[in-house]
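Position 1 is the first residue of the sequence; numbering continues from there.
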Amino acid sequence: MLGKQFQSSAISQCRVCWRLYQATPGQMQTRQFRVAVIGAVGGIGQPLSLLLMANKLVTELVLHDLTATKGFGQDLSHIDRACQVKSFFGEDQMESAIKGADIVMITAGMPRKPGQTRDFLFDTNAPIVAKAAGLVSQHAAHALVGIITNPVNAVVAVAAEAMKKAGYYDPERLFGVTTLDVVRAEKFIGDHMSIHPGKVRIPVIGGHAGTTIVPIFSQCQPPFEGDEKCIASIVKRIQTGGDEVVKAKAGQGSATLSMAYAAARFTNALMLGLKGEPGPPECAYVQSDATEAPFFSTPLTLGPKGIEENHGLPELDECEKEQLKVAVDALKKSAAKGVKFME
């Protein structure tokens with residue numbers, strides 16, 4: 001059944017993310033959402049904020065960082081869009097930035113450097129995510145929260161525990177953003193098959209690091225053209241795409257532009273869900289009983305309250321089942337690490 005949702009009928013509606021740009025200055029615009037970006041001045045936060053500024057669904061774009069955001073906010077405010085920009089900085093202003101938000105995207109934290117794994121960042125980034133998530137629970141309890149800060153596999157559990165401690169946690173509203181893995185899969189498959197990546201639909205399940213990323217080639221639409229060796233090569237590239245970028249930037253950053261694009265696509269999907277106009281299912285890392293791992297990425301239909309339907313595991317071939325086992329074992333450990341940190 002899931003496979004049908006990735007058929008051409010969904011594709012013909014074009015990519016949901018292209019709606020980011022469907023408004024033009026001469027059109028009547030209906031803007032509806034207050035979106036807060038925590039870590040807005042960082043390598044992901046800046047391009048993400050620019051993309052959100054172009055989205056006609058955003059009423060207010062709220063910027064927060066530990067460093068000054070005023071200049072960046074002023075720069076964005078000169079763009080010919082009806083979106084209002086508000087800037088906050090410092091730990092004491094994070095509450096004001098989050099209060100009343102419909103969506104909070106958390107990008108704050110240390111980026112990866114060459115030779116570092118995502119797990120290396122945990123001790124630095126986990127406290128940042130914990131504070132932001134706790135403030136969401138207290139001051140924007142019904143906001144949808146997207147975690148971009150790495151390591152996603154562990155810090156989503158940190159966010160969940162922080163929300164519980166702060167008094168309110170709704171698992172339908174907390175998402176680890178794994179959209180970049182889907183974007184890479186679509187791009188690499190499209191290039192291999194010499195078709196537009198926007199015509200590719202493939203679920204990417206699991207988590208957001210190495211072998212926890214499991215692209216389901218058996219469910220790819222259109223059907224993937226290539227042998228097992230070819231599939232293994234592309235799977236490896238999807239799983240190590242972040243390392244590829246870190247190495248190419250030679251210590252000057254990580255995958256910021258592609259991640260911002262993917263995060264903007266997912267934020268747009270969240271807003272369409274809030275409007276009751278969901279597009280094709282989007283994969284995200286959420287609390288789940290699809291496997292033994294407490295958090296797991298599967299295709300989701302998004303709605304006014306966050307997750308409207310978790311479609312669970314797609315049909316897997318034997319090779320994908322083996323990849324799933326490896327992913328689940330690693331994800332259980334990552335979630336346990338996040339829970340232990342909050343204890």
Side-chain angles (χ1 to χ4, degrees), residues 39 43-44 105-126 128-129 146-160 174-188 202-216 232-249 253-256 258-263 266 282-288 290-299 313 320 322-341:
I44 296 170
M105 301 301 289
I106 302 175
T107 75
M110 179 189 295
R112 279 202 298 160
K113 296 180 180 180
Q116 292 180 343
T117 65
R118 290 180 176 88
D119 285 339
F120 179 84
L121 307 176
F122 180 83
D123 290 340
T124 299
N125 291 349
I128 299 170
V129 171
I147 306 292
I148 299 167
T149 303
N150 275 315
V152 169
N153 291 355
V155 298
V156 170
V158 169
L174 177 64
F175 306 86
V177 181
T178 61
T179 314
L180 180 53
D181 303 320
V182 180
V183 167
R184 285 179 173 141
E186 293 168 350
K187 172 61 175 173
F188 300 159
I202 179 170
V204 181
I205 66 172
H208 185 56
T211 55
T212 68
I213 302 168
V214 185
I216 308 302
S233 176
I234 297 178
V235 167
K236 183 68 173 178
R237 191 178 179 204
I238 295 166
Q239 292 175 337
T240 60
D243 300 323
E244 184 179 310
V245 175
V246 169
K247 182 178 180 180
K249 288 189 175 182
S254 56
T256 53
S258 53
M259 184 66 243
Y261 171 88
F266 187 70
E282 290 281 354
C283 295
Y285 185 67
V286 299
Q287 182 173 314
S288 171
T291 69
E292 293 180 358
F295 295 89
F296 198 85
S297 180
T298 46
L313 293 175
E320 291 159 354
E322 291 303 313
Q323 294 175 45
L324 175 65
K325 292 178 183 178
V326 173
V328 168
D329 287 344
L331 291 173
K332 287 165 65 176
K333 294 175 182 177
S334 292
K337 184 175 183 178
V339 172
K340 183 177 180 180
F341 174 82

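- With sequence neighbours left out, the side-chain hydrogen bond (donor to acceptor under 3.5 Å, both in side chains) criterion links K337 to no other residue.
- Judged as a ring pair (Phe, Tyr, Trp, His ring centres under 6.0 Å), and not counting sequence neighbours, the contacts of F341 are F122.
- Applying the side chain to side chain contact (heavy atoms under 4.5 Å, CB included) rule to I128 yields the partners A108, N125; only residues at least two apart in sequence or on another chain are considered.
- T107 contributes a side-chain N or O that, together with a main-chain N or O of G39, makes up a donor-acceptor pair within less than 3.5 Å.
- Within the model, atoms CD1 of I234 and CD of Q239 stand 12.5 Å from one another, a figure rounded to the nearest 0.5 Å.
- Residues meeting the side-chain hydrogen bond (donor to acceptor under 3.5 Å, both in side chains) test with T178, sequence neighbours left out: S297.
- In this view, Q323 satisfies the side-chain hydrogen bond (donor to acceptor under 3.5 Å, both in side chains) rule with no residue, not counting sequence neighbours.
- Side-chain contact between L324 and V214 is absent, with no heavy atoms from C-beta onward closer than 4.5 Å.
- Scanning for salt bridge (Lys or Arg N to Asp or Glu O under 4.0 Å) contacts around K340 gives an empty result, with sequence neighbours left out.
- With sequence neighbours left out, S233 forms a side chain to side chain contact (heavy atoms under 4.5 Å, CB included) with no residue at all.
- To the nearest 0.5 angstrom, T179 atom OG1 is 8.5 Å from I148 atom CD1.
- For A159, the side chain to side chain contact (heavy atoms under 4.5 Å, CB included) test picks out V129, A133, I147, L174, with sequence neighbours left out.
- Partners of K187 under the salt bridge (Lys or Arg N to Asp or Glu O under 4.0 Å) rule, at least two apart in sequence or in another chain, are D191.
- Considering only residues two or more places apart in sequence or on other chains, A284 meets the side chain to side chain contact (heavy atoms under 4.5 Å, CB included) condition with F175, F266, V286, L300.
- For the salt bridge (Lys or Arg N to Asp or Glu O under 4.0 Å) test, residues two or more places apart in sequence or in another chain that qualify with K325 are E322.
- The side-chain hydrogen bond (donor to acceptor under 3.5 Å, both in side chains) test applied to T212 returns N153, not counting sequence neighbours.
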